[in-house]
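Structure, as structure tokens:
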Amino acid sequence: MSNYHIKHLEEYWQVYRKSVRNPAVFWEEIAEEHFLWRKKWDEVLSWDFSKPEIKWFAGAKLNITENCLDRHLATRADKTAILFEPNDPKEEAQHITYQELHARVCRFANVLADQGVGKGDRVCIYLPMVPKLAVSLLACARLGAVHSVVFAGFSATALATRINDCNCKLVICSDGSYRGKKTIDLKTIVDEALEQCPGVETSLVVKRTGGAVVMKDGRDKWLQPLLDKAATTRAATIVDAEDPLFILYTSGSTGKPKGMVHTTGGYMVYTAYTFKNAFQYREEDVYWCTADIGWITGHSYIVYGPLTNGATTVMFEGVPSYPDYGRFWEIVEKHKITQFYTAPTAIRALAKENLDFVENHDLSSLKVLGTVGEPINEEAWHWYNDHVGKKKSPIIDTWWQTETGGIMISPIPYSTPTIPTFATLPMPGIQPVLMDENGKEIEGNSVEGRLAIKFPWPSIARTIYGNHERYRDTYFSAYPGNYFTGDGALRDAVGYYRITGRVDDVIIVSGHNLGTAPIEDAINEHPAVAESAIVGFPHDIKGNALYGYVTLKETGETRNHDNLRKEINQLITDRIGPIAKLDKIQFTEGLPKTRSGKIMRRILRKIAGKDTSNLGDISTLLNPEVVQDIMDKSLA
Ligand code: 7RM
């Protein structure tokens with residue numbers, strides 16, 4: 001079917017216009033042709049953003065694992081579904097076929113059912129990037145149980161909060177994990193968490209590192225012996241399209257994490273459609289997304305999107321720096337990766353290192369390069385384009401959120417001409433709008449505002465677990481009748497979108513609205529600069545002034561810092577104007593980041609504003625140690 005696989009920009013516009021003219025007809029056609037439904041829907045869409053209540057394919061019956069697995073057995077039984085690349089390059093990669101994955105999922109589902117897990121029950125999954133992680137998600141889905149994956153880098157407290165918030169009675173965990181040179185004792189973290197989780201009856205423990213663990217009697221069970229006894233088939237539990245598939249927590253700017261609830265039918269249709277189009281996926285491709293399944297990117301574009309399409313999806317256990325900074329490129333060469341999807345933070349980290357790490361590998365298999373998670377700065381975009389893509393692989397800058405379930409704004413590779421730092425055009429079915437401060441839609445092109453979406457799409461999160469009011473307040477109250485993303489964006493002369501960052505990253509200096517991203521872009525152009533983050537701090541005259549935190553490429557940079565400061569401000573003046581010059585520039589060893597690689601400007605803002613009494617929870621940071629260092633050397 002033509003509109004499932006867009007190949008030219010004119011075709012994109014045709015499909016797009018159709019999708020907007022009648023979204024229900026558009027999505028119904030896609031849903032009809034590409035999936036296995038046990039019963040078709042009574043109604044394609046019903047919605048009311050004021051409640052808010054959104055239903056796609058209501059009344060339809062299905063099981064998503066039949067779409068990810070069973071449906072492929074007739075044609076792709078021996079095709080690799082999951083290609084596992086272990087942390088240690090000397091350990092052999094595993095090719096798990098669709099047939100084998102089907103059997104593993106059924107076995108695991110049988111074990112879960114034996115432990116009392118049934119439809120609607122919440123199961124917490126806290127595992128490293130090993131095949132059993134993907135298998136656990138699917139095993140839950142096989143039973144109609146709701147998975148809640150918690151990234152296995154989170155602390156015991158963060159894990160306990162998430163387990164308790166949705167009352168998980170079973171946890172799937174492991175003895176430990178390998179991350180580069182390190183072996184991490186995950187079971188101890190789980191044990192500590194479970195002391196605060198009276199509702200958890202059972203924990204199933206995957207053996208990965210073989211490290212010593214304490215097994216709590218009556219609660220902890222090794223998984224493997226149970227799997228060995230379980231049958232390799234299991235009938236799928238048929239659920240309603242609007243039954244929950246999973247909960248995934250996303251941190252709010254304040255308060256406790258929000259358990260975003262995604263339902264089954266719409267999520268399946270949207271992730272399958274966007275995977276196929278945004279990556280221009282073909283049957284023979286080997287697709288690799290470097291995210292962890294603990295994030296939405298992993299859920300949608302390692303597990304569900306690829307598997308519903310019958311793709312080969314790579315799972316990588318390790319880190320980009322082990323055994324050296326060539327690891328990503330070694331894997332691309334070894335498995336002849338065709339689509340590669342990563343985050344700006346990883347690109348910047350690799351761009352700091354010697355070019356030989358990239359150039360020593362044959363990357364000619366690559367056809368599409370993706371980026372997600374943050375605005376990608378121009379420097380990083382060009383490095384990715386020149387050295388990884390060799391100017392031949394289009395870069396898709398994909399903008400989306402945990403809440404949106406799938407990619408919302410992205411080029412269609414080989415159709416949409418790309419421009420660095422622009423996510424470009426909405427996916428079919430997505431209707432973005434820009435809003436001004438007074439809640440009025442800003443029409444026309446060459447404008448900037450707050451990004452909202454005015455019509456539902458199939459994979460929008462339906463609620464926050466246990467707190468529908470917070471869902472309404474957070475996303476549907478700022479611009480009644482619209483979903484508010486929390487991001488700022490500009491729309492250029494041809495209608496391309498550029499995401500400028502969270503709106504709390506907009507700084508008003510002497511009455512000028514300045515987004516952090518363009519200023520950071522200018523700074524990052526300086527050859528000595530690796531990364532930067534800009535925040536505002538109170539200023540008597542300007543209202544706010546700009547404070548820049550800058551990490552240099554060579555550690556222990558010996559050049560004169562005052563000269564560097566001048567050069568950086570000159571670049572900003574050249575690129576944006578003197579209004580955007582920085583009042584203070586602090587050179588730092590690193591920038592505080594979330595585990596998914598987003599710079600935590602909230603913390604930097606507090607330091608710049610001399611307000612460090614309450615930095616909020618920094619325990620979930622990737623590098624909490626840099627915070628103290630930044631405070632010690634603060635110029636505030
Ligand atoms: C997929 C994911 C969502 C927030 C979002 C943005 C930022 C993500 C881009 C981006 C600019 C991009 N989910 N963001 N992708 N900003 N360009 N291509 O990251 O829930 O963890 O984060 O991430 O601010 O609102 S998320």
Side-chain angles (χ1 to χ4, degrees), residues 149-151 153-154 246-253 257-260 262 267 270-271 274-275 278 289-302 304-305 341-348 369-378 380-381 384 395-411 416 418-427 430 432 450-453 459-461 464 474-475 478 483-490 496-506 515-518 520-521 533 593-602 620 622:
V149 181
V150 177
F151 172 63
F154 274 150
F246 65 86
I247 299 166
L248 185 62
Y249 286 87
T250 183
S251 42
S253 42
K258 299 173 288 199
M260 303 315 304
H262 281 284
Y267 176 83
Y270 194 77
T271 53
T274 49
F275 173 74
C289 166
T290 69
D292 192 287
I293 291 174
W295 312 119
I296 190 70
T297 305
H299 281 59
S300 301
Y301 299 109
I302 295 177
Y304 291 111
Y341 192 26
T342 197
T345 182
I347 298 167
R348 289 193 297 260
L369 302 177
T371 154
V372 61
E374 272 198 303
I376 181 165
N377 51 290
E378 228 172 311
W381 194 97
Y384 201 24
I395 294 178
I396 56 165
D397 179 351
T398 64
W399 173 82
W400 59 294
Q401 309 177 294
T402 304
E403 296 86 337
T404 69
I407 294 170
M408 300 289 280
I409 302 183
S410 167
T416 315
T418 58
I419 303 179
T421 77
F422 280 78
T424 76
L425 297 169
M427 294 301 287
I430 303 306
R450 293 164 183 226
L451 181 63
I453 314 286
S459 65
I460 183 176
I464 292 175
T474 310
Y475 305 107
Y483 165 84
F484 177 45
T485 66
D487 285 323
L490 60 84
Y496 275 17
Y497 288 88
R498 179 189 184 175
I499 313 303
T500 47
R502 307 293 303 171
V503 288
D504 43 22
D505 294 339
V506 171
T516 53
E520 290 162 7
D521 275 352
K593 290 196 186 158
T594 66
R595 303 270 173 167
S596 60
K598 295 184 209 298
I599 299 171
M600 288 283 274
R601 291 186 184 74
R602 179 171 62 79
T620 56
L622 184 70

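Counting starts at 1 for both ligands and their atoms, following the listed order. The residues of the chain are indexed from 1 along the displayed sequence.
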Item to complete: Considering the heavy atoms of I296, write down every atom of ligand 1 situated less than 4.0 Å from one of them.
Response: 1 (C), 13 (N)
Worksheet item: N/O of T297 under 3.5 Å from N/O of ligand 1, yes or no?
Response: no
Fill in: D397 neighbourhood, listing ligand 1 atoms whose heavy-atom distance to it stays under 4.0 Å
12 (C), 17 (N), 18 (N)
Discussion item. Only heavy atoms of T402, strictly under 4.0 Å: list the atoms of ligand 1 that pass.
Written reply: 13 (N), 20 (O), 21 (O), 26 (S)
Practice prompt. Before signing off on this row, confirm whether S596 and ligand 1 have an N or O atom pair separated by under 3.5 Å.
Written response: no
Discussion item. So does Q401 get a backbone contact from the side chain of T404, meaning a donor-acceptor N/O pair under 3.5 Å?
Written reply: yes
Discussion item. Among T297, T371, T290, exactly one meets side-chain hydrogen bond (donor to acceptor under 3.5 Å, both in side chains) together with T342. Which residue is that?
Written reply: T290
Item to complete: Could you find the nearest protein heavy atom to atom 24 (O) of ligand 1 and give me its residue, atom name and distance?
Response: D487 OD1, 2.7 Å
Item to complete: May I ask you to identify the nearest protein heavy atom to atom 11 (C) of ligand 1, giving residue, atom name and distance to one decimal place in Å?
Response: P375 N, 3.1 Å
Item to complete: Enter the distance from L451:CG to T500:OG1 here, rounded to the nearest 0.5 Å.
Response: 9.0 Å
Worksheet item: Looking only at N/O atoms, are T398 and ligand 1 under 3.5 Å apart anywhere?
Response: yes
Practice prompt. Could you verify whether a donor N or O on one side chain and an acceptor N or O on the other, from K258 and T474, lie under 3.5 Å apart?
Written response: no
Practice prompt. Give yes if a backbone or side-chain nitrogen or oxygen of G373 is under 3.5 Å from a nitrogen or oxygen of ligand 1, and no if not.
Written response: yes
Discussion item. Considering Y497, Y301, F422, W399 one by one, which has a heavy atom nearer to atom 9 (C) of ligand 1 than any of the others?
Written reply: W399
Worksheet item: Under 3.5 Å, is there a donor-acceptor pair between the side chain of Y301 and the main chain of I407?
Response: yes
Worksheet item: Going by the order shown, which atoms of ligand 1 are within less than 4.0 Å of some heavy atom of I499?
Response: 11 (C), 16 (N)
Worksheet item: Has the side chain of H262 got a donor or acceptor atom that lies under 3.5 Å from a matching backbone atom of L248?
Response: no
Discussion item. Among Y483, F484, Y475, which residue satisfies the side-chain contact (heavy atoms from CB on, under 4.5 Å) criterion with I453?
Written reply: Y483
Practice prompt. Look at atom 3 (C) of ligand 1 and say which protein heavy atom is nearest, naming residue and atom and giving the distance to 0.1 Å.
Written response: W400 O, 3.6 Å
Worksheet item: Is any side-chain heavy atom of D487 closer than 4.5 Å to a side-chain heavy atom of R450?
Response: no
Discussion item. Regarding R601 and E520, does a basic nitrogen lie under 4.0 Å from an acidic carboxylate oxygen?
Written reply: yes
Worksheet item: Considering distance alone, does some N or O of R502 sit under 3.5 Å from an N or O of ligand 1?
Response: yes
Practice prompt. Specify whether Y496 and F422 have parallel, tilted or perpendicular ring planes, treating 30° as the upper limit for parallel and 60° as the lower limit for perpendicular.
Written response: tilted
Discussion item. Can you report which non-hydrogen protein atom sits closest to atom 19 (O) of ligand 1, along with the distance?
Written reply: K598 NZ, 3.0 Å
Practice prompt. For V372, take its heavy atoms, then give the atoms of ligand 1 lying under 4.0 Å from any of them.
Written response: 1 (C), 15 (N)
Worksheet item: Does ligand 1 have a heavy atom under 4.0 Å from the side chain of E374, from its backbone, from both, or from neither?
Response: backbone
Fill in: E403 side chain vs M260 backbone, donor-acceptor pair below 3.5 Å
no
Worksheet item: Under 3.5 Å, N or O to N or O, is T250 touching ligand 1 that way?
Response: no
